[in-house]
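Reviewing the structure listed below.
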Protein chains: 2
Amino acid sequence: MELDARKLQVLQAIIHDYIITAEPVGSRTVAKKYNLGISSATIRNEMSDLEEMGFLEQPHTSAGRIPSEKAYRLYVDKLMQVRSLSHHEAEYIKQLYELKILQLEEVVYQTVKVLSDITNYTSVALAPQFNEITIKHIQLVPVDKDFALLVVVTSSGILKDTLIQIPKGIDNDFLQKVSNFLNEQFRNKTFSEIDLDALSSIRQIFNENQRLFNTFVDELTRGLQEGARDKEIYLEGTTNILNFPEYQDIPRVRSFLSLMEEKDILYRILNSVKGNGVKVSIGTENPHEDLKDCSLITATYRLGERVLGTIGMIGPTRMEYSRAVSVMDHMAKALSCYLTKLYGE
Amino acid sequence: MELDARKLQVLQAIIHDYIITAEPVGSRTVAKKYNLGISSATIRNEMSDLEEMGFLEQPHTSAGRIPSEKAYRLYVDKLMQVRSLSHHEAEYIKQLYELKILQLEEVVYQTVKVLSDITNYTSVALAPQFNEITIKHIQLVPVDKDFALLVVVTSSGILKDTLIQIPKGIDNDFLQKVSNFLNEQFRNKTFSEIDLDALSSIRQIFNENQRLFNTFVDELTRGLQEGARDKEIYLEGTTNILNFPEYQDIPRVRSFLSLMEEKDILYRILNSVKGNGVKVSIGTENPHEDLKDCSLITATYRLGERVLGTIGMIGPTRMEYSRAVSVMDHMAKALSCYLTKLYGE
DNA sequence: GTTAGCACTCTCTTATATTGAGTGCTAAAA
DNA sequence: TTTTAGCACTCAATATAAGAGAGTGCTAAC
């Protein structure tokens, strides 16, 4: 059987209607609301064909039809027309980036908030990943006799700092010496290039207090590792899911919200997104079982050419793909642009 | 009418049963399960009295009774016996504080997590408040030609840092001078004692580049203000509320979860808690409308003698007060003890 | 003062129509 | 050959009715 123009029209009408109403769509509804110039009986025949081809499903005999995942896939890839942003949406985003926010992380977090506000979908982002960022400067700043702050300044003005414990008997001059050593070793390297074994050579270089040194080196190691790892997740609008008719029963809500509490899993899901542009992952295309009734729309954000992280939007499979994709596209570009302007190298 | 010993016994039995079953308790149930040596008819009479006195309520004529807020209040203040922790609970808490966590904030966050894990109630905490902490040392650490890190080290090894923008033409020597100035001005003061006007005297002291200075002073001001303000909230186990039979309908769940997303409101609620020991706030005693069916159990945590923040636990008014209060008490003390040992002055 | 007994109340459950949206098939019309 | 009107059939959702069950309140006897 062939998917001719009329079948596509009927399918598009049904998807469109279902996205709006969340109710199975019947042949009469299509005939009345969408003037395709054919009667409900003809539409019924087409619908029957479309079901046979796997684009439509019937909850039960006497109900209308709902689109299958295959239908949504076709819709997203071929059928839907990506709208441009409404005035209100564009204005909202513009306002966000007119604020002068200095913390890079804060910018991303605010982006997630706006995304969720505009779309009413749950929004999420991977915190900026620094693995590929080069280190410009390392400094140990003495805090008191027991603690020092290990400040790592990276290219792009981003910095990571960690509190580390220093053994007794190490003075400020000494910390400065170590700072110099760390700079010599790691300047212009990325976090992932850091050779932690090189740290142990501190022992040889400053061959005093051997014993105390071990814990100090361990602390430095920990500090640098922590600087590299950044699995934070920003999440907003989780309760938005309660607005959708498909989430009106507790077990579903629970499974969704539980997943949103699992930052590790969200991290993995978002981190697996690669490549350019907006990606849409529908229902069971998602890697995680609990997302089988959801769609995930993602895009990466960048600083210059470098991918820093991913932003995403989660809603029911019956989501407004057209609007969601256009907002996501616009947002990811605006964010990248803003970051590059502010922190660009 | 007087609340004699037998009435108290009956009331206690009903509260106890209702906390466990979440079902209205009838006279026969009390007679059978709790051997008070009186018949169901007598219990019925007592229950009728207790209702008249405002301790019990009847959902409808042919249902059993449920405790009123007044009953819970009495129960918490007088009737309940505070249990000691189970072996499992004590062990769990012990393990937490055997970990060596260096970041003070992280300790508090982990505490909230454990609290929610142990009790299965939603747990929440106010991030450590630094307003009353004295400043020990301030340092401007140059980051690159445009940015510097304003590091404020407080008593107790806690530190706050903020990225600030520096005007062109200010070199490292100069930053050092400013650091020295800031130290002279603000050392041994608390954040709330900082006189921001004093900052403007920098202009007179370094009477060069007058124009550039204005933005620099503004940035410093912002940085110090940010150091003082810390309205962060740690929240864990929000989905636990879905386990309770009273939260099986979506509107209730929505109102609860929406409140949990309002960090500002949670901040105000927790911040209004003062004084020593564990506090219990039942139903409409809570300041917020959406908590009218919830109870909030709170305690402050300290560093030495200084109150740093508040931890809290939220559940339905029908909560296991006895267990909740004992866990909260134990937890707040353990946290304070741990913090004082690690950061104590 | 306490308790057995019993009528009464009200929710909750189960069983039984009834309704209505929607389909699939058939036969006639285009 | 394609389209369409017509109609019987299906099935969830809604409404209605009957029954069961839990619990109370009252009365009268202990």
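Every chain is numbered from 1, with letters handed out A, B, ... down the list of sequences. Note that the coordinates shown come from a computational prediction; the quantities given were computed from them, not determined experimentally.
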Problem - Sequence-aligned protein contact record of nucleotides 11-30 of chain D, with B where the base is within under 4.0 Å of a protein heavy atom and S where only the sugar-phosphate is - result: BS---------BSBB-----
Whole-Å gap separating [atom2] ([N]) and [atom1] ([X]):
X	N	atom1	atom2	result
B:Asp4	C:dT2	CG	C1'	14 Å
A:Glu57	C:dG22	CD	P	18 Å
B:Lys7	C:dT2	NZ	C1'	13 Å
B:Ile43	C:dG1	CD1	P	18 Å
A:Leu36	D:dT4	CG	C1'	15 Å

Does a side chain donor of either [X] or [Y] reach within less than 3.5 Å of an acceptor in the other side chain?
X	Y	value
A:Ser295	A:Tyr321	yes
B:Glu261	A:Thr238	yes
B:Ser39	B:Thr42	yes
A:Ser281	A:Asn286	yes

Exercise for the section: Applying side chain to side chain contact (heavy atoms under 4.5 Å, CB included) between B:Val278 and each of B:Val325, B:Val82, B:Val76, B:Thr298, report the one that passes. Expected result: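 Exactly one option meets the side chain to side chain contact (heavy atoms under 4.5 Å, CB included) with B:Val278, and it is B:Val325.
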Problem - Centroid-centroid distance, B:Phe55 to B:Tyr75, less than 6.0 Å - result: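 Ring centres of B:Tyr75 and B:Phe55 not closer than 6.0 Å.
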